[in-house]
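Contents: one structure, followed by commentary.
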Amino acid sequence: MAPGGAPLPGGYNGATMPLGPAKAATGMKEHVAMTVDAASERANQAQSRPSLDELRRTSAEARKLIVQAIHHAGAGHLGGPMSAADLLVALYFDRMRIDPARPDWPGRDRFILSKGHSSIALYTVLAMRGYFPTEELMTFDAAHSRLQGHPDMHALPGLEMSTGSLGQGLSPGAGMALGAKVRGDAFHTWVMLGDGEIQEGQIWEAAFMAARYGLDNLTAILDYNGLPQFGWPQRGGFTREIPIDDPGGKFRAFGWNVLECDGHDHASIREALDAAQAFTGQPTCVVAHTVKGKGVSYMEGDFNWHAKVPSDEQLASALSELDDQIAAIGEEAAA
Amino acid sequence: MTSSATTQTIDPLPLAGARQEALREVWGQTLVELAADYPDLVVLDGDLANSTRADIFAAAVPDRFFEMGIAEQNMVGVAAGMATLGFVPWLSTFAAFMANRALDQVRIVVAQPHLNVKMCGGYTGILTGKTGKTHQSVEDIAIFRAMPGVATIAPADAVELRSAMRAMMETPGPMYLRVTRDPSPTIFPEEYEFRIGPGVLLRDGGDVGLVGTGVQTTRVLEAADLLASEGIAASVLHLPTLKPIDAGAIVALAERTGRIVTAEDHSIIGGLGSAVAEVLGEQRPTPMRRVGLRDVYGESAPNEYLIEAYGLSAGHVARAAREVIERA
Ligand SMILES: Cc1ncc(C[n+]2csc(CCOP(=O)(O)OP(=O)(O)O)c2C)c(N)n1
Ligand SMILES: [Mg+2]
């Protein structure tokens with residue numbers, strides 16, 4: 001049983017992370033709520049993680065909901081949410097130690113969507129994971145909705161930080177990781193960055209500081225889809241590619257452990273996220289190679305779909321493509 | 001943010017022979033005192049600890065002092081992250097950088113989510129130790145006061161600063177605190193207790209109402225002495241909290257005197273003068289003058305020169321009072 005009483009979906013692999021709250025270094029008051037009792041821990045470990053096919057199916061279902069929600073709202077971003085979908089599903093269904101029944105449980109892992117414009121992808125995964133009803137996704141961007149255009153940490157359970165002005169999410173993540181170290185809390189902090197976003201100087205301030213403090217309980221996941229919103233000029237026109245070159249090398253130069261993965265392959269993602277959490281001594285950046293607009297052929301790799309609303313016909317064709325992908329998952333398993 | 005404050009009335013200590021204390025040193029010492037009572041208090045520094053005097057805290061409570069380097073934007077974000085865990089971060093940098101360099105970070109991760117971060121601006125106003133306009137801060141009150149939900153506090157002396165810091169610690173929410181660099185006279189008796197919001201009536205007189213904030217209030221008291229020697233009876237209202245503002249005290253002062261002069265170590269645009277004018281414009285239109293920087297940046301020079309050249313001296317405040325009395 002998870003500490004909240006609800007079973008975790010086997011998302012937590014105790015072997016990769018030091019458990020048992022280390023002694024608080026500062027003599028601050030003990031945070032007993034963080035203590036994971038041994039029995040519940042054994043139960044977690046015994047529980048198997050979701051199969052890769054389950055994760056693939058969940059990701060495709062998430063993409064369907066994302067496209068539907070944006071179509072319904074008549075506004076919002078699509079390219080970034082679609083590229084981030086597999087990574088978010090992997091975090092919330094496979095990797096992170098969370099309890100949707102108790103979103104404020106102090107021992108939970110933290111996740112910050114620094115590229116806040118991809119909010120609909122996070123909302124979708126939170127809803128599917130049980131934080132709130134999936135029907136509420138259709139209130140995205142509406143008046144009085146808890147699903148604000150960009151994440152408002154107090155509006156909806158499960159949101160750990162308000163984001164939307166790019167470049168700002170890694171710093172609060174570093175603050176959470178630093179705070180956890182100070183108190184000897186065992187939770188891990190995950191931050192998702194966009195590849196255009198890391199042009200912001202604050203990212204590198206945070207990268208420097210996180211390495212300086214050896215925050216190995218912090219992982220940045222870079223959604224390396226190669227496209228920002230508009231792009232950089234080059235001779236003969238605009239390049240719509242790679243807003244920032246060799247991001248892994250840059251993070252390494254700042255003192256980070258760097259891993260790469262295929263951000264649309266759940267086996268590859270699982271391996272990278274597990275290794276990131278297990279790594280000690282330095283923070284890890286997982287450079288996840290992705291495709292903007294992934295899952296819908298006419299959106300893939302087209303910067304125009306950064307923030308565009310599909311027509312009724314486009315919606316129908318997107319949903320049927322995604323249904324085909326879901327059907328194929330079963331076939332693959334049978335083959 | 002409005003204040004349902006009850007204005008306090010306090011007899012200030014005489015300026016002649018007053019104890020001179022540097023607020024930044026009191027700030028560093030008070031953090032140490034508060035740390036003993038509040039285990040979640042932490043201090044984050046932007047490589048200025050030996051200027052802001054966060055070094056006093058660093059030496060006394062090293063395991064709760066976190067150097068963030070010269071990276072104010074990240075410092076604000078780290079503070080926000082720590083605040084979500086229940087820590088109460090106090091930030092150490094210059095007001096110019098707190099208000100300007102990390103402004104969007106303050107907006108997105110502190111003000112909008114209303115997190116419990118205590119943003120401290122050292123070296124406020126233009127008396128910043130001959131550093132010139134880059135390090136002077138003439139628009140910080142305007143900036144923080146404009147941010148929904150951010151309390152904005154400018155204590156007049158060491159006693160009020162110490163008390164204000166305790167009140168800030170006891171009250172959750174984002175707050176901005178102005179802390180001056182150089183020694184200034186202590187005007188409050190030890191037993192004075194600051195409260196967030198209420199103004200403090202320091203002197204009563206029916207001819208003109210002088211309103212000060214921060215250390216400028218000590219120069220306003222000096223101006224009241226000057227005016228008294230000419231037979232002009234001035235009231236002095238000190239507003240240590242710019243937001244929530246004590247509108248009741250401002251309106252009552254206008255009713256009693258019919259003429260208002262504000263004085264601040266800040267631009268007259270967006271600061272105390274604007275805040276008072278907003279209240280009076282809506283609730284009791286009253287002839288007034290604003291003393292402070294008149295839409296200009298400062299320069300590096302000795303304090304005595306700056307106080308005179310940029311209109312902060314008691315003489316400037318007294319002149320504005322005479323003007324408003326003559327013309328109103
Ligand atoms: C500070 C800031 N500048 C500009 C924007 C507008 N904006 C929103 S998304 C975006 C492009 C982001 O590109 P990337 O980080 O690569 O995200 P993704 O490709 O995953 O959508 C821009 C410029 C913003 N939200 N914040
Ligand atoms: Mg991108």
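A quick note: this is a predicted structure, and the numbers were derived from the prediction, not measured. Chain letters run A, B, ... following the sequence lines, proteins first, then strands; residues in each count from 1.
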Whatever's closer than 4.5 Å to a heavy atom in chain B on F208(A) counts as neither
Engaged part of A210(A) at the chain B interface, taking heavy atoms whose separation is under 4.5 Å:
neither
Taking the side chain as C-beta and beyond, is there a heavy-atom pair between [X] and [Y] under 4.5 Å?
{"X": "Q168(A)", "Y": "D104(B)", "value": "yes"}
{"X": "V182(A)", "Y": "F66(B)", "value": "yes"}
{"X": "V78(B)", "Y": "E205(A)", "value": "no"}
{"X": "E160(A)", "Y": "T84(B)", "value": "no"}
{"X": "M68(B)", "Y": "L178(A)", "value": "yes"}
{"X": "M161(A)", "Y": "I108(B)", "value": "no"}
{"X": "S162(A)", "Y": "Q112(B)", "value": "no"}

Among A177(A), S165(A), A174(A), G164(A), which residue has the highest count of heavy-atom pairs closer than 4.5 Å to chain B?
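Counting heavy-atom pairs under 4.5 Å, the top option is S165(A).
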Among S171(A), G169(A), G167(A), which residue has the highest count of heavy-atom pairs closer than 4.5 Å to chain B?
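The option with the most such pairs is S171(A).
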Supply the atom-to-atom distance E200(A) CD to Q73(B) CD, rounded to the nearest 0.5 angstrom.
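The CD atom of Q73(B) is 8.0 Å from CD of E200(A), to the nearest 0.5 Å.
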Tell me, for L115(B) versus chain A, whether the close heavy atoms (under 4.5 Å) come from the side chain, the backbone, both or neither.
side chain
Select one option (side chain, backbone, both, neither) describing which atoms of E67(B) are under 4.5 Å from chain A's heavy atoms.
both
Pick whichever of V76(B), N74(B), V109(B) has the most heavy-atom pairs under 4.5 Å with chain A.
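Ranked by heavy-atom pairs under 4.5 Å with chain A, first place is N74(B).
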Quick one: which of G86(B), P89(B), P113(B), A80(B) has the most heavy-atom pairs under 4.5 Å with chain A, could you say?
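Answer, by heavy-atom pair count under 4.5 Å with chain A: P113(B).
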Check the surroundings of atom CD in E278(B): do more than 12 heavy atoms from other residues, nucleotides or ligands lie under 6.0 Å from it?
yes
Whether over 12 other heavy atoms sit under 6.0 Å from R162(B) CZ
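Result for CZ/R162(B): enclosed.
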Answer yes or no: is there a donor N or O on one side and an acceptor on the other, between the side chain of R212(A) and the main chain of G69(B), under 3.5 Å?
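The answer is no, because no donor-acceptor pair under 3.5 Å joins these two groups.
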Over all atoms of both residues, closest heavy-atom pair of R183(A) and L85(B)
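R183(A) and L85(B) have their closest heavy atoms at NH1-O, 2.5 Å.
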Do any of residues 116-127 of chain A come closer than 4.5 Å to chain B, heavy atom to heavy atom, and if so which ones, in number order?
none
